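Data first, discussion second: the structure below is written as structure tokens.
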Amino acid sequence: MSRQQSALITCFILFFLSACSSVPKTPDISWETQQQKLKALTEFEARGVVGFISLNQRISAKFIWEQNGENVKLRLYKDLAGTLMTLKSANDVTEVTDKDGNIYQGTDAESLMKELTGIDLPVSNLPGWLKGLPGKMEDYELDDKARVGSITSSDSSANWSLSYLMYTMENTVALPARINMNNGKQRVKIQIKDWVL
């Protein structure tokens, strides 16, 4: 083989490799597959840090969210101050225990939490939102990897907008690591550091 032929073959190979590298990457899985995986995830635990920011208060705490089917448990705590609040919701009954051990019960988790703490948090939506799974009547947009990038919710009590800033892979499932929430009156920043599936 002549030197000229060798050079031409080398150029062709480099051109081919360059063309291959410029092909847009497609998502590893489709949104339909991602949805199925998220819907099948009914028992999990999420641990991290949450910040509540409103005109009247700024609260930052660590949290543990435990999900078991329709039953949920949320614990807010600080390393030195201990447990700030524990919320349990099961069988349409919500129980909130404050830092002094006082127990309050109600049928509306959002209203009970706001009344006792001043924190506006859509507890009933969180089982799906924490996983990056929008509700049936919610608008959403996907990112370039077939994961939810944003959710817009509208209900009778508040309009929430969610931005999903970062994901992590857990047992082949893409799960959120950072979520920002805003309803115009309060912002909620969630950083999930550990998923237990």
Side-chain angles (χ1 to χ4, degrees), residues 27-29 31 34-35 37-39 41-42 44-67 72-79 81 84-87 89 94 96 108-171 173-197:
D28 294 334
I29 62 172
W31 169 234
Q34 173 75 350
Q35 271 185 308
K37 289 185 176 184
L38 295 177
K39 288 178 179 179
L41 187 59
T42 57
F44 63 88
E45 185 176 299
R47 297 170 176 259
V49 180
V50 61
F52 303 97
I53 306 167
S54 68
L55 293 176
N56 301 322
Q57 63 179 351
R58 297 174 70 96
I59 301 173
S60 178
K62 293 184 176 181
F63 76 89
I64 301 175
W65 176 277
E66 297 177 47
Q67 181 84 32
V72 300
K73 179 181 178 181
L74 171 64
R75 177 181 172 230
L76 299 178
Y77 69 99
K78 292 189 176 183
D79 289 334
L84 304 176
M85 183 211 73
T86 301
L87 180 148
S89 184
T94 298
V96 174
D108 188 324
E110 286 84 355
S111 298
L112 186 60
M113 187 169 182
K114 189 172 183 178
E115 179 183 346
L116 296 175
T117 67
I119 295 173
D120 190 3
L121 189 67
V123 179
S124 58
N125 299 88
L126 286 180
W129 287 357
L130 283 177
K131 298 184 294 184
L133 184 65
K136 293 181 179 179
M137 303 302 291
E138 295 169 352
D139 295 326
Y140 63 91
E141 293 184 0
L142 302 179
D143 64 14
D144 59 355
K145 294 185 179 179
R147 308 169 304 193
V148 165
S150 64
I151 294 176
T152 303
S153 172
S154 177
D155 58 37
S156 58
S157 58
N159 298 325
W160 284 96
S161 297
L162 290 80
S163 298
Y164 290 80
L165 308 178
M166 187 180 298
Y167 277 82
T168 184
M169 290 299 296
E170 300 289 342
N171 295 353
V173 185
L175 293 169
R178 286 180 58 200
I179 309 169
N180 283 356
M181 302 171 53
N182 193 329
N183 71 350
K185 297 180 180 179
Q186 181 171 273
R187 289 181 291 153
V188 182
K189 296 186 176 183
I190 301 174
Q191 182 177 1
I192 302 175
K193 297 184 176 182
D194 294 299
W195 283 95
V196 181
L197 307 183

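Heads up: numbering here begins at 1 and tracks the sequence. The structure presented is a predicted model; accordingly, all values stated were derived computationally and were not measured.
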Query raised in the report: Mind checking whether Gln186 and Phe52 have side chains closer than 4.5 Å, heavy atoms only?
Result: yes
Query raised in the report: If every non-hydrogen atom of Leu76 is compared with every non-hydrogen atom of Met113, which pair is closest and at what distance?
Result: CD1-CE, 4.3 Å
Cut-off 3.5 Å, no hydrogens considered: what does the side-chain donor-acceptor table look like for residues 188-197, sequence neighbours left out?
from   : atom 1 : to     : atom 2 : distance (Å)
Trp195 : NE1    : Pro176 : O      : 3.0

Query raised in the report: Is there side-chain contact between Gln34 and Lys145, with heavy atoms separated by less than 4.5 Å?
Result: no
Requested in this report: Determine yes or no for a side-chain-to-main-chain donor-acceptor pair under 3.5 angstrom, with Glu110 supplying the side chain and Ser124 the backbone.
Outcome: yes
Report summary line: For Ile64, the side chain to side chain contact (heavy atoms under 4.5 Å, CB included) test, sequence neighbours excluded, returns Glu45, Arg47, Glu66, Arg75, Tyr77
Query raised in the report: Does Thr117 reach the side chain of Val96, with side-chain heavy atoms less than 4.5 Å apart?
Result: no
**Report entry** Side-chain heavy atoms of Leu133 within contact of Ile151, under 4.5 Å
**Finding:** no
Requested in this report: Find the distance between OG (Ser153) and CG (Asn159) and round it off to the nearest 0.5 Å.
Outcome: 7.5 Å
**Report entry** Check: Leu126 and Val72 side chains under 4.5 Å, non-hydrogen atoms
**Finding:** no
Query raised in the report: Which pair of non-hydrogen atoms, one from Tyr164 and one from Gly132, has the smallest distance, and what is that distance?
Result: CE2-CA, 3.7 Å
Query raised in the report: CZ of Arg147: more than 12 outside heavy atoms within 6.0 angstrom?
Result: yes
Query raised in the report: Can Leu175 and Leu130 be said to form a side-chain contact (heavy atoms from CB on, under 4.5 Å), step by step?
Result: CA-CA 8 Å; Leu175 293 169; Leu130 283 177; over 6 Å; no
Requested in this report: Please examine the side chains of Trp160 and Asn125, heavy atoms only from C-beta on, and report whether any two atoms are closer than 4.5 Å.
Outcome: no
Report task. Looking only at non-hydrogen atoms, find the nearest pair between Leu38 and Ala174 and report the distance. Result -> CD2-O, 4.1 Å
Query raised in the report: How long is the span from the CG atom in Asn180 to the CG atom in Leu165, to the nearest 0.5 Å?
Result: 4.5 Å
Query raised in the report: Would you find more than 12 non-hydrogen atoms of other residues, nucleotides or ligands less than 6.0 Å from Lys37 atom NZ?
Result: yes
Query raised in the report: Would a distance-only check, ignoring hydrogens and angles, find a side-chain to backbone donor-acceptor pair under 3.5 Å from Lys131 to Lys39?
Result: no
Query raised in the report: From Thr42 OG1 over to Gln67 CD, what is the distance, rounded to the nearest 0.5 angstrom?
Result: 8.0 Å
Requested in this report: Can you measure from CD (Glu138) to OG (Ser150) and round to the nearest 0.5 angstrom?
Outcome: 11.5 Å
Report task. May I ask you to test the Val148-Tyr167 pair for a side-chain heavy-atom distance under 4.5 Å? Result -> yes
**Report entry** Heavy-atom pair with the smallest gap, counting every atom of Lys78 and Ser60
**Finding:** CE-O, 2.6 Å
Query raised in the report: Do you know which two heavy atoms are closest between Pro127 and Phe44, and how far apart they sit?
Result: O-CZ, 4.1 Å
Query raised in the report: Once you round to the nearest 0.5 Å, how far does CD1 of Ile53 lie from CE of Met181?
Result: 12.5 Å
**Report entry** Ile59 and Ile119, any side-chain heavy atoms less than 4.5 Å apart
**Finding:** yes
**Report entry** Heavy atoms of other groups near Gln57 CD, more than 12 under 6.0 Å
**Finding:** yes
**Report entry** Least distance between heavy atoms, Ala109 atom then Leu87 atom
**Finding:** O-CD1, 4.4 Å
Report summary line: Between the CG atom in Asp120 and the OG atom in Ser111, the distance rounded to the nearest 0.5 Å is 9.0 Å
